[in-house]
Amino acid sequence: AQRDCGWAHGQLAASLQGADIKHLVAHLCTSAQRVALKAEQAGQYAAAIGALKLLHEMVVVPHNSPKERTFRRGLR
């Protein structure tokens, strides 16, 4: 199953173009913001924090290239 998911992810990533990625990121950011707002209104603060953390990691945190990624990010 993991091999199939890896293959599907690779095919999906290969089919995306530059404009498609921008549209997808905009849609994901809007969805995360909507989830955070609705969760906070419902008193589900853990879900709201999770959605805001996802939004922060998608927009604010710089992403390294795959060659620079390590499993011990920030640990020395």
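FYI, the numbering just counts along the sequence from 1.
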Please list every donor-acceptor pair under 3.5 Å in which a side-chain atom of residues 36-50 meets a protein atom from a residue at least two apart or in another chain.
none

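Taking SG from Cys29 and CG from Leu54, the interatomic distance works out to 8.0 Å, rounded to the nearest 0.5 Å. A distance of 10.0 Å separates CG in Leu28 from CG in Leu55, rounded to the nearest 0.5 Å.
In this structure, Val25 and Met58 have side chains that are not in contact, with every pair of non-hydrogen atoms separated by 4.5 Å or more.
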* Pair Leu52-His56, side-chain contact (heavy atoms from CB on, under 4.5 Å): steps then yes or no -> CA-CA 6 Å; Leu52 290 173; His56 176 264; over 6 Å; no
